[in-house]
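Right, one structure below, let's go through it.
First the proteins, then the strands, lettered A, B, ... as listed; each starts at 1.
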Amino acid sequence: MSYEALPHRFAGRTPIAAARDAHETLEAGAGSGTTYRLAGRVLGRRGQGKAVFCDLEDRTARIQLLGSADELADEAFAALKGVSLGDIVGVEGELIRSRRGELTLRLTGYQLLTPCRLPLPDTFHGLKDVEARYRQRHLDLMVTPESRERFAVRSRIISSLRRFLDDRSFLEVETPVLQPLYGGAAARPFVTHHNALGRDLYLRIAVELYLKRLIVGGMERVYEIGKNFRNEGVSFKHNPEFTMLETYEAYADYHDVMAMTEQMVAQAALDALGTTVVVVRGESVDLAPPWRRLSLGEAIGAACGVNPLEGARDEAGLRAVLAADGVDTSRDRTWAALVDHMLSHYVEPHLNEPTFLVDYPVELSPLSRAMPADPTLTERFEAFCGGMEIANGYSELNDPDEQHARFEEQAAFGRAGDDEAHPIDEDYVHALGYGMPPTGGLGVGIDRVAMLLTGASSIREVVLFPAMR
RNA sequence: GGGCCGUUAGCUCAGCUGGUAGAGCAGGGGACUCUUAAUCCCAAGGUCGUAGGUUCGAUCCCUACACGGCCCA
């Protein structure tokens, strides 16, 4: 088969679902009198000699085709008899319902548009090999309807988030992926090199510090949806590149941001699924506001008996609590790292319902504003659902001197062996010197939200081409 | 990083106590005018993840490694 002889286009086609929907009430054995042109991939074939039945599938639906020697030209019928599973074809004919009750296009025209030259996976059992589904996503999408739907949900989530923010006068912006200095999160970066500039650059681990410069500049409400890169292990909830939404709103604090977060995620669920109720790890969970709010210290205290945020910073004491439960703390170099470890060990896995943990220690939150009543804590929250962190936000620290001091403290953590400590960003501190209004900021892990709304138990199910070894 | 499990035809899977492999679907050829996991006939398809070891003989037992899954850290 010469590709040059194959059509370059197929005009006037109707989505299969639209053709089906228009004739749902057609009776068995009856014709609709309506002619359609359909195109898609052949995923089933049942030969009958002088009659051929196929199943044609496009993005919207599947429908049966019936081609008979009586109604097709000899050449077209011969071509149809030679069809292979997986071939992409264009057809034309009257929509009827077969005697057995199946909506069917009775063909008067048939054209091969593109052949499938390789054998398809078993069209009955589908592609079961998880590794093959990730490495050859095109095959997975072809034969796994659930997979196609999962990525359609993901797409609807992202458009819902954009609509939500656009409706509230947020401006979508784009900031550098290649950065001279990384920041905005506790993570190890990827390093690359710019030949012409003769210097190393980092792939961003967050967009936070750039978006806040825009707030200093007076943009007031900004957001960015894009890839972040973190040079860390992969797990069911970690991919080295992942999609994050960050928003910054001038004149708002973390309470405002929490309210927006729960509304925005609930709206995304409504837009993507038609409901705010999702099934998470076997339990039905409602994402409708308001979400539960718990203080971080009390949540840890309730789970293990020790509230690490009460009294003095007792590094040895926390280490002993974790060690008593068999947790290896050898890589936790600071008191803050131990608190973070307690959170992820005792609390996070059990937060199935949407929950805001609030009031994080200052050592763990170098970019958040301190609480007036207790400067050891900050106006910060993280949102959890399904045992995962899905969002993080705070009242933004806008005091340049305090920010500089926090960076210095981070540098000390770095010298103590914390390889996720923030580097000092003098340029950012300088920008704060021009005055950043009181601001509330937010980061949302889009992949995690997509997992939540699709019931996926691995991030690889919601990332089209996940990182594989 | 640790533990457990898996890797056999393009796909889904069998393969006993160690004797160099089978099925269904797909792909090739043929029959069939209402089938829908269509059916029937014929032929073809394999470095049993990789490398060692034990053995007369290894898909099978042992070791290491690779890749993947699940659980723990």
Side-chain angles (χ1 to χ4, degrees), chain A residues 1 20 26-31 41-57 61-72 74 76-78 80-87 93-108 115-145 147 232-239 281 319 322-332 337-338 340-346 348-349 387 456-461 466-469:
Chain A
M1 169 54 68
R20 295 192 69 102
L26 199 60
E27 286 179 16
R41 201 181 278 276
V42 173
L43 289 179
R45 193 183 61 159
R46 298 170 291 283
Q48 284 292 321
K50 299 239 167 13
V52 175
F53 292 89
C54 292
D55 294 324
L56 182 73
E57 189 170 279
R62 181 185 274 234
I63 196 166
Q64 176 169 266
L65 309 177
L66 166 57
S68 71
D70 297 344
E71 299 187 59
L72 277 170
D74 290 349
F77 185 69
L80 175 61
K81 288 206 73 167
V83 74
S84 290
L85 282 199
D87 282 354
E94 182 193 0
L95 199 132
I96 63 164
R97 195 178 286 279
S98 73
R99 284 172 222 159
R100 299 288 181 85
E102 182 81 27
L103 269 182
T104 300
L105 198 72
R106 194 209 301 269
L107 302 188
T108 52
C116 176
R117 300 203 299 197
L118 298 169
L120 240 44
D122 189 314
T123 52
F124 180 68
H125 295 95
L127 196 55
K128 292 277 179 54
D129 183 326
V130 182
E131 186 175 357
R133 289 185 48 240
Y134 298 155
R135 289 192 195 272
Q136 297 196 72
R137 186 67 88 179
H138 47 283
L139 287 181
D140 177 43
L141 293 169
M142 239 179 258
V143 302
T144 317
S147 192
E232 293 164 354
V234 302
S235 79
F236 73 95
K237 57 182 180 179
H238 293 97
N239 198 56
R281 301 191 298 186
R319 204 176 289 281
L322 283 160
D325 287 315
V327 179
D328 174 13
T329 60
S330 60
R331 276 182 294 191
D332 301 321
L338 289 162
D340 198 30
H341 205 154
M342 293 177 98
L343 163 60
S344 56
H345 182 75
Y346 293 115
E348 179 172 11
S457 54
S458 165
I459 194 170
R460 290 177 163 182
E461 292 292 347
M468 303 289 283
R469 190 180 288 265

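Separating the CD atom of A:E102 from the P atom of B:A38 is a distance of 12 Å, rounded to the nearest angstrom. We find that NZ of A:K81 is positioned 12 Å from P of B:G29, with the value rounded to whole Å. At whole-Å resolution of the value, NE2 in A:H125 and C1' in B:G10 are 15 Å apart. The CG atom of A:L85 sits 7 Å away from the C1' atom of B:A26 (whole-angstrom rounding). Taking atom CG on A:L43 and atom P on B:G27, their separation rounds to 11 Å, with Å as the unit. Atom P of nucleotide B:A38 and atom CD of A:Q64 are separated by 10 Å, given to the nearest angstrom. Rounded to an integer number of Å, the gap from A:Q48 CD to B:C40 P is 13 Å. We find that NZ of A:K50 is positioned 6 Å from P of B:C32, with the value rounded to whole Å.
Atom C1' of B:C40 sits at a distance of 46 Å from the matching atom of B:C4, rounded to the whole Å. Using C1' as the reference atom, B:G22 and B:C32 are 29 Å apart when rounded to the nearest Å. Nucleotides B:U63 and B:A23, compared at atom P, are 33 Å apart to the nearest Å. When the P atom is compared between B:G15 and B:A9, the two are found 15 Å apart, to the nearest whole Å. Taking atom P in both B:C48 and B:C56, the straight-line distance is 23 Å, to the nearest Å. B:C71 and B:G28 are spaced 41 Å apart, taking the P atom of each and rounding to whole Å. For the P atoms, the distance linking B:A66 with B:A43 amounts to 44 Å, nearest Å. Taking the P atoms as reference points, B:G46 lies 27 Å from B:C67, given to the whole Å.
For A:D74, the CG atom counts as loosely surrounded, since its 6.0 Å shell holds 12 or fewer non-hydrogen atoms of other residues, nucleotides or ligands.
Of the candidate nucleotides B:A26, B:U33, B:U36, B:A26 has the atom nearest to the side chain of A:P119. When distances run from any side-chain atom of A:K128 to the nucleotides B:U12, B:U36, B:C34, the shortest one goes to B:U12. If you check B:C25, B:G27, B:U36 against the side chain of A:R45, the one that comes closest is B:G27.
Backbone-only engagement by A:R460 is indicated by non-hydrogen atom pairs under 4.0 Å involving sugar-phosphate atoms exclusively. A:D70 comes within 4.0 angstrom of a nucleotide base, judged by non-hydrogen atoms across all strands. Here A:S84 lies in heavy-atom contact (under 4.0 Å) with sugar-phosphate atoms only. Using a 4.0 Å heavy-atom criterion, one finds that A:L127 contacts the sugar-phosphate atoms exclusively. Looking at heavy-atom distances under 4.0 Å, A:E131 makes contact with sugar-phosphate atoms alone, never a base. Note on A:G86: nothing from the nucleic acid sits closer than 4.0 angstrom, heavy atoms only.
In this model, the phosphate group of B:U36 is not approached by any side-chain N or O of A:R62 to a distance below 4.0 Å at OP1 or OP2. For B:A66, neither phosphate oxygen OP1 nor OP2 lies less than 4.0 angstrom from any side-chain nitrogen or oxygen of A:R469. For A:R135, a side-chain nitrogen or oxygen approaches OP1 or OP2 of B:G68 to under 4.0 Å. For the OP1/OP2 pair of B:U36 and a distance below 4.0 Å, the side-chain nitrogens and oxygens of A:R46 include no atom meeting the criterion.
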Could you go over nucleotides 70-73 of chain B and give all protein N or O partners under 3.5 Å, atom names and distances?
| unit_1 | atom_1 | unit_2 | atom_2 | d |
| --- | --- | --- | --- | --- |
| B:A73 | O3' | A:D328 | N | 3.4 |

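Looking at A:K50 and A:D70, no side-chain N of the basic residue comes within less than 4.0 Å of a carboxylate O on the acidic one, giving no salt bridge.
Exactly one residue among A:V143, A:D140, A:L141 makes a side chain to side chain contact (heavy atoms under 4.5 Å, CB included) with A:R133. That residue is A:D140. Applying the salt bridge (Lys or Arg N to Asp or Glu O under 4.0 Å) test between A:D55 and each of A:R45, A:R46, A:R41 identifies A:R46 as the sole match.
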